[in-house]
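Lettering follows sequence order; numbering is per chain, from 1.
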Protein chains: 2
Amino acid sequence: MTKSKRTRPRKSTAPTMLHVAEAARVSVATVSAVVNGTAVVSPALTARIEAAIKDIGYKRNAIARSLKLGKTRTIGLTVADITNPFFTDVVSVIQEVLHRAGYAVMLCCNDEDIETQDDQIQLLLDRMVDGLIIAPAGDDANLKRILEGTNVPVVLIDRICDGVDTDAVVLDNQRAVFDATTYMLHLGHRRIGYISGSLDTSTGRDRLAGYHEALDSAGIAFDDELVRLGNFREADAYKAAMQLLTQPDRPTAIFSANNLMVIGVMKAIRDIGLSCPEDISVACFDDFPWADVFRPQLTTVAQPVRAIGEQAAQLVLDRLAGKTENGPRRLVLQGRLMVRNSCRPHASLVQGAREHGAL
Amino acid sequence: MTKSKRTRPRKSTAPTMLHVAEAARVSVATVSAVVNGTAVVSPALTARIEAAIKDIGYKRNAIARSLKLGKTRTIGLTVADITNPFFTDVVSVIQEVLHRAGYAVMLCCNDEDIETQDDQIQLLLDRMVDGLIIAPAGDDANLKRILEGTNVPVVLIDRICDGVDTDAVVLDNQRAVFDATTYMLHLGHRRIGYISGSLDTSTGRDRLAGYHEALDSAGIAFDDELVRLGNFREADAYKAAMQLLTQPDRPTAIFSANNLMVIGVMKAIRDIGLSCPEDISVACFDDFPWADVFRPQLTTVAQPVRAIGEQAAQLVLDRLAGKTENGPRRLVLQGRLMVRNSCRPHASLVQGAREHGAL
DNA sequence: AAAGCTAATCTAAACGTTTCGAACGAGTCA
DNA sequence: TGACTCGTTCGAAACGTTTAGATTAGCTTT
């Protein structure tokens, strides 16, 4: 065997750089240089190589490339529930921004299950994703351990997680619920039911804190019976609302800590024979695209989904570009109360207004 | 240098099989055998190796593995719009099934743009996905070309694509719209507006065909003015509905060919000062989780999203397992008309009924 | 005791890239 | 005419696996 460049019989697999090199009568190094534009190659060879590439139909193998470079140009993304319009919107934006930057997105949903989440994150890391955007399912001691074993940039969205000190973009949940609750208080409601998300999540806790804060500020005593756990799911929220509505001194208003749960709440209200907003006022966290066209037109706290997605994506991209070497960045965005008409003034207020001749 | 097994100074990168091998004083082949369980290894060595793995914190590098094996255990998934609840539901199910089977999912959205779609599919193929599930954005000559260059199993969902002869799971769109339209005809409506999806998609065409068929069967002359293009998006549908509603002899009912568009339709109805179902009846393709709790409670054609997702995932899995060697399989599922109360009998019917003393 | 098994382990060649340093030819300068 | 540069091109060693085939040691057989 004189030279090692024996012509192989063109297997049935996809063409490789070697095939191109042979066809263009150059070395693979030169082909690589042309494909990636990493070195200057004479016009003559460039032309020959490009012709060969087109001719053979060569496509660079991204896996081999990833192995060599140690980067995959892929970002892992895990959210609790891809069915939730909030996550959907955010995922969509992240997807868009990252794709524009030349990154692919590997998506996982864990159905709010922490173990699934850990598995999936490990899976993503095994696949050498270059970065990770996580909407954590809940407080998770393992997450910390898993993450500190690696050095890929991580961005938490929506929820933060104890001990996981990474970049994050979250909402000022407490403030948002404070505003919403205060709005209901201004309408004269004194018994405001609260359907809470899981308290194992920062969002669950912060939102509930906003409710408490609003009550405190208004000098209203807090009633245990008015807060029920809905775990961010429709079914649980339905049960929770049912309990709220069947108690003797039932609330005159209900706040739901997310979008999925408000549907359960509305179903409970309907099933119990009440109607919103006539008999009971309702507001919730998370906006819907159809909120101002179907009735009752829900008063909601709209999250800036586009901003959340863009910032989260930008945070990873910045880390990847090595732009930010400093400590973790926490971005806190503000929600916006969208007042529509699922909340009505409480009877006492209406009464008062009438007496003052204002109605 | 006596033996080639020199101990390297444990670089800062992730531990590899070589590190494990050195720590356990065995060859990498043996480590591989233990990690994958592909060959029998003596209990003594197995124990040493497992200890070393735990000790060092070794994780198998999936990229290197993929390169060697030529499979990535990843399925590419592209849909037009992850924001659309229909796609969301299907994606969620596919995700779940594939994950259970040990596959990761790489998700792309193309925003109904064919070029983006082609880029993304090429990207997925470059990354050596083992299979592809595609909800094609529209008729796409390139798609055929791109796909026939590879031999990964492909499953089309929701829409099919001329010339792309692969497995597919779709709905009997024509039948579903036929049923819905017929239902409206039975209510006495004679001028039924139709907001169509893009006619570059099979769904757009088939659904419109269902509308035509229903009219034909009922012996009703087809009026061009009643069909408007909404391209499956809210904004376009809004404009389309506006045109429909402002024409002299406006329709007494409107059917929207998907979920996003019906929101535009409802907005148009509201903005023009009409109300549904009092002034005009509305029905649409695709169901909503909240459809029976917000008003008007929309009459819809529900797609069996879970079945679609499961079958699509199963189709790829079967191909990957080599179970089905025969030609392309086409699964056609049936939609289900969910009658709620966004459609009312036409005035003429009510009139007739009253005369017969039935009201 | 030689030959033949079997079972466990290892060696080394892939997989398809990237990239460093060497090699080579052609100019340029003293 | 050497000794230098430059500008191109190439050889070969990685990257971290898998796996076919070689090797070894320990048993049976006869």
Side-chain angles (χ1 to χ4, degrees), chain A residues 1-6 8 10-22 24-49 53 56-73 125-128 130, chain B residues 1-6 8 10-22 24-49 53 56-73 125-128 130:
Chain A
M1 198 170 292
T2 52
K3 274 236 159 201
S4 74
K5 204 194 281 178
R6 82 208 121 96
R8 43 168 73 186
R10 182 66 167 82
K11 285 203 301 176
S12 74
T13 85
T16 76
M17 267 193 182
L18 183 56
H19 298 127
V20 177
E22 284 168 355
R25 304 185 311 284
V26 297
S27 75
V28 285
T30 312
V31 177
S32 178
V34 168
V35 169
N36 300 303
T38 45
V40 40
V41 174
S42 71
L45 284 203
T46 304
R48 273 220 315 268
I49 291 172
I53 289 177
I56 299 190
Y58 166 75
K59 290 269 149 46
R60 183 173 65 189
N61 182 319
I63 297 289
R65 182 164 215 260
S66 294
L67 175 61
K68 187 77 237 240
L69 297 186
K71 23 195 81 171
T72 51
R73 293 230 129 217
L125 289 174
D126 291 350
R127 287 172 189 239
M128 295 181 44
D130 295 346
Chain B
M1 197 171 295
T2 52
K3 273 233 157 201
S4 74
K5 205 193 281 177
R6 84 206 120 99
R8 43 167 75 186
R10 182 68 167 82
K11 286 204 299 176
S12 73
T13 85
T16 76
M17 266 192 183
L18 184 56
H19 298 127
V20 177
E22 284 167 356
R25 304 184 312 282
V26 297
S27 76
V28 285
T30 312
V31 177
S32 178
V34 168
V35 169
N36 300 304
T38 44
V40 40
V41 176
S42 70
L45 284 203
T46 305
R48 271 213 326 262
I49 292 172
I53 288 177
I56 300 189
Y58 166 75
K59 289 271 148 48
R60 182 175 64 190
N61 183 320
I63 297 291
R65 181 163 216 262
S66 294
L67 176 59
K68 185 76 236 234
L69 296 186
K71 24 196 79 169
T72 52
R73 293 232 128 216
L125 289 173
D126 290 352
R127 288 173 187 238
M128 294 180 42
D130 295 345

For the [atom1] atom of [X] and the [atom2] atom of [Y], what is their distance to the nearest 0.5 Å?
X	Y	atom1	atom2	answer
A:Leu18	A:Tyr58	CG	OH	10.5 Å
A:Thr30	A:Arg25	OG1	CZ	13.0 Å
A:Leu69	A:Asp130	CG	CG	10.0 Å

Atom [atom1] of [X] to atom [atom2] of [N]: distance rounded to whole Å?
X	N	atom1	atom2	value
B:Lys71	C:dC15	NZ	P	16 Å
A:Arg48	D:dT8	CZ	C1'	13 Å
B:Met128	D:dT17	CE	C1'	13 Å
B:Met17	C:dA14	CE	P	20 Å
B:Asn36	D:dT19	CG	P	7 Å
B:Leu18	D:dA13	CG	C1'	15 Å
B:Asp126	C:dT17	CG	C1'	13 Å
A:Arg65	C:dT19	CZ	P	8 Å

Looking across every strand, which nucleic acid part, if any, lies under 4.0 Å from [X] by heavy atom: base, sugar-phosphate, or nothing?
X	result
A:Ser32	base
B:Lys59	sugar-phosphate
B:Leu45	sugar-phosphate

Out of [options], which has the shortest distance to the side chain of [X]?
X	options	answer
A:Ser27	C:dT17, D:dG11, D:dG16	D:dG11
B:Val40	C:dA8, D:dT18, C:dT17	C:dA8
B:Arg60	C:dA12, C:dG16, D:dT18	D:dT18
B:Ala29	D:dG16, C:dG16, D:dT19	D:dT19
A:Ser42	D:dT8, D:dT17, C:dT17	D:dT8
A:Leu67	D:dT9, C:dT19, D:dC15	D:dC15
B:Thr30	C:dT9, D:dT18, C:dT17	C:dT9
B:Val28	C:dT18, D:dT18, C:dT17	D:dT18
A:Lys68	C:dC10, C:dT17, D:dC10	C:dT17

Polar contact flag, side-chain donor to acceptor under 3.5 angstrom, A:Arg60-A:Asn36: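 Checked: A:Arg60/A:Asn36 side chains pair up, N/O donor to acceptor below 3.5 Å.
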Exam field: side chain A:Arg65 to backbone A:Thr72, donor-acceptor pair closer than 3.5 Å: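 Looks like no, no N/O pair under 3.5 Å.
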Is the phosphate of D:dC15, meaning OP1 or OP2, less than 4.0 Å from a side-chain N or O of B:Asn61?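 So the side chain of B:Asn61 is outside the cut-off, no N or O lying under 4.0 Å from OP1 or OP2 of D:dC15.
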When the nearest nucleotide of DNA chain C is assigned to B:Ala44 and to B:Ala64 on a heavy-atom basis, which residue is associated with the more 5' position?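 Between the two, 5'-proximity favours B:Ala44.
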Which heavy atom in B:Ile56 sits nearest to a heavy atom in B:His19, and how many Å separate them?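 Reported closest heavy-atom pair: CD1-O, 3.7 Å.
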Mapping B:Val35 and A:Leu69 onto DNA chain D by nearest heavy atom, which one lands closer to the 5' end?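 Its nearest nucleotide being more 5', the pick is A:Leu69.
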